[in-house]
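One structure below.
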Amino acid sequence: MDTFKLPPLRTASGEIRLPGSKSISNRMLLLAALAHGTTEIRDLLDSDDTRVMLAALQGVGVGITALGGNAWRIAGCGGVFPVKDADLFMGNAGTAIRPLTAALALSGGHYRLSGVPRMHERPIGDLVDGLRQIGADVRYAGNAGFPPLAIHPAEARLDAPIRLRGDVSSQFLTALLMALPLTGRQAVIEMTTELISRPYVEITLKLMARFGVEVEREGWQRFTIAAGQRYRSPGILHVEGDASSASYFLAAGAIGGGPVRVEGIGRDSIQGDLRFADELEKLGATITWGDNWIEASAPRRKLKAFDLDLNHIPDAAMTLAVAALFADGPCRLRNIASWRVKETDRIAAMATELRKLGAKVEEGDDHIAVSPPPTFVAGAVIDTYDDHRMAMCFSLAALGGVPVTINDPACVNKTFPGYFDAFAEVAAPVIAIDGPSASGKGTVAERVAAAFGYHYLDSGSLYRLTALAGQRTGRALDDEAGLATLAASLPARFSAGRIYLNEDDVTDAIRSEEISVGASKVAALPAVRAALLGRQRAYRRFPGLVADGRDMASVVFPGAVAKVFLTASAAARAERRYKQLIAKGMPANMHALLQDLQDRDARDAQRSVAPLRQCDDADLVETTEMAIEAAVAAVMAIAKRQGL
Ligand code: DC
């Protein structure tokens, strides 16, 4: 089995852009397909569950075009699917099979819907009962109450309210609400039980309204769709970032100090799981809200014990179960019975896996109680039960300072392909080494990286590559916009100690004095620095990163675990550069080298953005009188003191 080994982690800070919301993506796709007119959906989530929905809609004849960059064009069929007979595979995507079942049952065709074995264990009986009340012909092709299903044409009768249970999944109500406007007649749904997960129903109602259909709601008991309403495309729509996915990062900020910022959701987002941030605040985290971001940090590094009703955020609540490991006392998560019928029996799975980390866990039908371990068990191997959220929330356990192995990590693809890379961008430890030109920081950084088994980023090479690419394409060194565009899409490749621009080996070319001067000039351009920021941060991978440059500690990785300012006198540095050049058989002039170095130091230190400086929290390593081995040993000692 594939595994992902997380190293021991202690801190988390940084920023990530969230993938699109699964709940919104799949609802928008279906509504766009049912609407009159063409809809362009931007920032759609690219994951297993949205692919299931896209493939199913294509299977029933909906015109779908990929526009690139997660944008899609959906040619609405006005509620009439062109293909009248189809077999549709729904994987394990609850947000696809439920609303599609309802829509297909009202669209006059023969359809068979099936999924993976777990999908055939997830109840759908309440929805089928609801549909049968209005005369729909939906039959069980396997066990009664569960997919697979066979659907046949039938005339809908809407003379009486549909009576529907809402205590197993709110998606049954969502499915009916989205499908009923296809009848064109007045439809009423009455809940016969308490409705769970209400915020998800709110998402449904808000998105239906965007497509022109209003639902009248009396409390959470009765929903009326007036006759004659039709879905109409609103044109272009954007999918918000996924609030459930945000929970892992916000929790990381609360557990690992932070600040961790998630981008793509904010104070006006329509997703209920946003309320996870409020719950995290009750645990002692500091939460800051922006229009399009949320940030979490933890002033005290220990979370407060909690006892919470989490019915309104069942998915994000899983993250709180793992956060309970970091609390200062026993915690209780209540009113979460829906966990039993999700991708796996999440109450049982959570209890089993939390115990592996040393927690005491008590599980009930609709709750789970977690007593944090006195010390985390090192080396736990976590099973994920083909459940994306198990994999993602248990990655947080490594912040207990212990290695954790996640089995079958690819299950995250259901909603968040690339999750572990994103998690690394806030949690992988960074050793930042800054200093002036020719201070030896490159050699030191490479050796420290090798000693720890970490990745290595030579950030100066990116500025050098930008200068070289600029020179080769005839750009002036003050063409800020042109150079920034170049920097943003630099065709650079690092392989086996060599550096390539396209297929050209430029390892030596970027070290010439001319390019050194050019690099220092392009590095003073704010737009170039901004263009290279994300690229540098993407080097932050597990098990860790050593990054060298001028602003590693101050700008690129301000949350670095260890920060070092490595320097030497200008004369010593000029002499080192002189020897390097001579050894490579390149021409060198000691006096000119010293002058160039001093000019460059001045430019790097005096520029307005990210000037070279020693951060207050960085340790100074002065290497004028030091051999390289001694400098390496000094940096290693600093890193080890920080627990690395
Ligand atoms: O470290 P180096 O000499 O290879 O860097 C080349 C130039 O790039 C140097 O003049 C300063 C600039 N630079 C920067 O501004 N910020 C960094 N993080 C790294 C390098």
Side-chain angles (χ1 to χ4, degrees), residues 430-446 449 456-471 477-478 480 483-484 486-487 490 492 494 497 499 501 506-540 545-558 560 563-568 570 572-574 576-578 580-581 584 586 593-615 618 623 631:
V430 178
I431 301 173
I433 305 180
D434 290 305
S437 296
S439 56
K441 60 188 184 324
T443 312
V444 170
E446 236 178 327
Y456 167 54
L457 165 64
D458 165 10
S459 64
S461 69
L462 296 175
Y463 292 96
R464 291 173 179 272
L465 283 163
T466 305
L468 181 71
Q471 185 194 57
L477 284 174
D478 60 355
E480 183 163 359
L483 288 165
L486 211 55
L490 215 50
F494 297 78
I499 302 177
L501 200 55
V506 296
T507 318
D508 295 325
I510 60 165
R511 304 281 158 202
S512 74
E513 277 308 292
E514 191 188 358
I515 294 300
S516 297
V517 172
S520 154
K521 290 185 176 161
V522 303
L525 304 171
V528 170
R529 301 200 74 83
L532 290 176
L533 191 60
R535 190 167 191 138
Q536 294 173 80
R537 288 183 173 158
Y539 278 85
R540 190 175 177 187
L545 174 70
V546 181
D548 85 56
R550 304 292 184 288
D551 61 342
M552 297 299 99
S554 58
V555 175
V556 183
F557 303 111
K563 297 181 176 181
V564 176
F565 193 75
L566 197 89
T567 188
R573 289 185 284 127
R576 286 177 195 165
R577 185 71 104 204
Y578 179 81
Q580 257 175 12
L581 290 173
K584 284 189 190 154
M586 292 162 97
L593 278 175
L594 181 59
Q595 189 58 49
D596 264 1
L597 262 184
Q598 285 167 333
D599 289 351
R600 247 190 292 158
D601 282 358
R603 230 184 345 257
D604 292 347
Q606 284 158 17
R607 66 179 176 224
S608 59
V609 278
L612 173 67
R613 66 176 171 89
Q614 181 183 349
C615 287
T623 68

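Not measured: the values here are computed from a predicted model. Both ligands and their constituent atoms are indexed starting at 1 by order of listing.
A side-chain donor-acceptor contact under 3.5 Å links S516 and R464. A donor atom on one side chain and an acceptor atom on the other are not found under 3.5 Å apart for R600 and S520.
Among protein residues, S437, K441, S459, G460, Y463, R464, R511, A519, S520, A523, R529, G549, R550, D551, M552, R600, D604, R607 come within 4.0 Å of ligand 1, judged on heavy atoms.
Residues passing the salt bridge (Lys or Arg N to Asp or Glu O under 4.0 Å) test with D596: none are found, sequence neighbours excluded. Take R511 and apply the salt bridge (Lys or Arg N to Asp or Glu O under 4.0 Å) test, not counting sequence neighbours, and it matches D458. Checked against salt bridge (Lys or Arg N to Asp or Glu O under 4.0 Å), D551 has the following partners two or more places apart in sequence or in another chain: R529.
Under the 4.0 Å criterion applied to side-chain N and carboxylate O atoms, R550 and D604 are assigned as salt-bridge partners.
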